[in-house]
There are 2 protein chains.
Amino acid sequence: MEAITIKDIARALNISTSTVSRALRNSYEINPETKKLVMEYAEKMNYRPNPIALSLKDSKSKSIGVIIPEIANHFFSQLINGIESIAYNLGYHVVIFQSHDSYEREVANTNYLVSRKVDGLLVSLASLTTNLFHFQDLMERGLPIVFLDRVPKEIETHKVVADNFDGSYQATSHLIQTGKRRIAHLTSPIYLSITTERLAGYRKALEDNGIPFDESYVRYCIYGGKVVAENEEAIGELLALPEPPDAIFTASDRLTTGCLAVLQKRRIKIPEEIAIVGFTNISVAELLNPPLTAVVQPALEMGQQAVELLIRLIEHPQKKGDYEIRFLQTSLITRESSVGKQALKT
Amino acid sequence: MEAITIKDIARALNISTSTVSRALRNSYEINPETKKLVMEYAEKMNYRPNPIALSLKDSKSKSIGVIIPEIANHFFSQLINGIESIAYNLGYHVVIFQSHDSYEREVANTNYLVSRKVDGLLVSLASLTTNLFHFQDLMERGLPIVFLDRVPKEIETHKVVADNFDGSYQATSHLIQTGKRRIAHLTSPIYLSITTERLAGYRKALEDNGIPFDESYVRYCIYGGKVVAENEEAIGELLALPEPPDAIFTASDRLTTGCLAVLQKRRIKIPEEIAIVGFTNISVAELLNPPLTAVVQPALEMGQQAVELLIRLIEHPQKKGDYEIRFLQTSLITRESSVGKQALKT
DNA sequence: TTGAAAGCGCTAACAC
DNA sequence: GTGTTAGCGCTTTCAA
């Protein structure tokens, strides 16, 4: 009842295993008759090569590892869908691991995937990762890695990111155009690429519109809003400012929903008292109360392009230094949380 | 720069590979000195055994395969978190695959995982799966499988499910208590266990309250609401009934959000004209417009219990027929979509 | 055109 | 206590 092997076929047909192997992999020098015989028998017995043996043999596995902060987040699960769809078509399997934003788990996952002989790695950095040696080391040893979304400045390889600067710039400009002036920014830890890029876009939009950048309107949430208290505290501080904000631009899913929850609890009217724009791919933005204005990333495409780059790297190793960074456009979807029902109708 | 092997250690220390192996795996008969030597050198060289070789050797991989319909769904991603947390602690790795509710992909994923020598399988059935041979076959060959959430009647093994009947019963009773009488049920394909269980609870609640069950109030969505048109059509049909429903009980995330979107589009007042209760773990139920009354499943615990059962099965193969089915309680969280703001305040 | 043999990394039965 | 050897499934020289 065990899986059939090349050996079984050889024995049954009274030929050698190497002949069977050649027949199966369509080698050039082989008697068509023998080949036919083998193929038919293999088909009949439903033979499947053992991928473990193959991996052991040549350290290739036709699989790629994905390391992301978490799955329970629409942006990342869309990313995965994009990754899977392409990988599947190109004959690669995808193995997913979550770092839960922990540096240790990111390292552990990386090691495991490497020992499992994945052919390449797709990574979105954990928010607590500052040391990149585990990736640098692998790259030097020749393992293809492509980063996406949360990418390291220090490592040279293909990268796929949303145009975070522009997305932020648009969101902030939009708030300014609707008459807001004291725009706060609730964001993730500062050492993430997405944080600095989004912050820069926010800042530039303010300055382009003659509003001075004020650091006290910016709050960094080290847990990215995953800890409720953190959200409450940050927003509490903002509201306690001498001139509390009249708008909040939130930088992630969790920060956005957390912010909405806190404002709702405090019975603050959105957008009249405080307008909200979120940098988020949350699926039900339309159904929220109020419907949420959002900067949406093309997560699916990001995933697709990243695997394509990775697989290209795997199959055609290229000279160093010839890497590309792809910026994908975000889109601002305007809803009531920033402009109100009345304004939206006109 | 390649990974160091047992052979390298043997050569360096001028001993045999088997001695190294013994030292490393703490075998009984070995000279403490030799052992120390080996251990230190291995440590120094950062030796890591090659799991591929181990798998090839004894067809064990210390990893378990998970096959679920999709990741981009809060219920399933919470399930995965539960699974991962426990598996990680017990030294197992988790490999996740999505069936996208397709029978073919479920079979393909299963085959792949098996060929990769996972030690066991955790499965939530695709909605389009009716033939279970791929699982039955594996079980007969001795592969441990535990089903969760969407489970097959025909296969005897451990199963972990929410108490779907009771959850539905509660939801429906709740709607009846708030004065609704024409309660529709929007649900998934009929051959899923969750569908029949939830339908039964709904039906029983109606009958216990003297309301006759009316098949025309039940709509089965073959794509589970993933296709927007399907939702719209189903709800359109319900609204076109001579006596349109005054409440809708929706059986899944997608069906719930889809239903809300359609009602909102048609400017139907919730809950005054139609009340909504969803069987859903959606994370932002509180923030929806209106806040959503939901039957919530203990997804995390379900995942945890399922892996525990699976790993127990892997490590202590047991006699057939001694399987358990665990029912975990759901909780009904009442919000405005079923009772309205006024009623909720009192 | 085919077969024999070695090797990928590791373990274990069997010698010594 | 340690070394030798075979074998997990497969590919690939090297010979014939």
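Chain letters run A, B, ... following the sequence lines, proteins first, then strands; residues in each count from 1.
Residue pairs satisfying the ring pair (Phe, Tyr, Trp, His ring centres under 6.0 Å) criterion with at least one member in residues 51-76 of chain A, sequence neighbours excluded, are absent. Pairs passing the ring pair (Phe, Tyr, Trp, His ring centres under 6.0 Å) check and including a residue from residues 99-128 of chain B, sequence neighbours excluded, read His93(A)-Tyr112(B), Phe97(B)-Tyr112(B), Tyr103(B)-His134(B).
Scored by the salt bridge (Lys or Arg N to Asp or Glu O under 4.0 Å) test, Lys60(A) finds no partners at all (sequence neighbours excluded).
Along DNA chain D, the nucleotide closest to Ile6(A) and the one closest to Ile15(B) are compared, and the more 5′ of them pairs with Ile15(B). Comparing Lys57(B) and Thr17(A) along DNA chain C, the residue whose closest nucleotide (by nearest heavy atom) sits nearer the 5' end is Thr17(A). Looking at which nucleotide of DNA chain C each of Asn31(A) and Asp58(A) is closest to, the 5′-most match is held by Asn31(A).
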Task: Trace of the side-chain contact (heavy atoms from CB on, under 4.5 Å) decision for Tyr47(B) with Leu24(B) - done: CA-CA 10 Å; Tyr47(B) 167 79; Leu24(B) 255 19; 3.6 Å; yes
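Applying a 4.0 Å cut-off to non-hydrogen atoms, the residues of residues 18-25 of chain A that approach DNA chain D are Ser18(A), Ser21(A), Arg22(A), Arg25(A), listed by residue number.
Asp119(B) places a side-chain N or O within 3.5 Å of a backbone atom of Ser61(B) that can act as its donor or acceptor partner. A donor-acceptor pair is defined here as one N or O able to donate and one able to accept, closer than 3.5 Å; no such pair exists between the side chain of Ser127(B) and the backbone of Pro189(B). At distances below 3.5 Å, at least one donor-acceptor pair connects side-chain atoms of Asn109(B) with backbone N or O atoms of Gln98(B). The backbone N or O of Ser99(A) sits nowhere less than 3.5 Å from a side-chain atom of Glu106(A) that would complete a donor-acceptor pair.
Here Thr34(A) lies in heavy-atom contact (under 4.0 Å) with sugar-phosphate atoms only. When heavy atoms are screened at a 4.0 angstrom cut-off, Ile52(A) is found touching no nucleic acid atom at all.
Around atom OH of Tyr223(B), no more than 12 heavy atoms belonging to other residues, nucleotides or ligands sit under 6.0 Å away.
Checked against Leu310(A) for a side chain to side chain contact (heavy atoms under 4.5 Å, CB included), the options Val146(A), Ile145(A), Val66(A), Leu121(A) give a single hit: Val146(A).
For DNA chain D, the outermost nucleotides in 5' to 3' order that have an atom under 4.0 Å from a heavy atom of chain A are dC8(D) to dT13(D). Heavy-atom contacts of chain A under 4.0 Å fall on DNA chain C between two terminal nucleotides, which in 5' to 3' order are dT1(C) to dG9(C).
At a cut-off of 3.5 Å, with distance as the only test, no side-chain donor of Asn81(B) or Glu70(A) sits close to an acceptor on the other residue.
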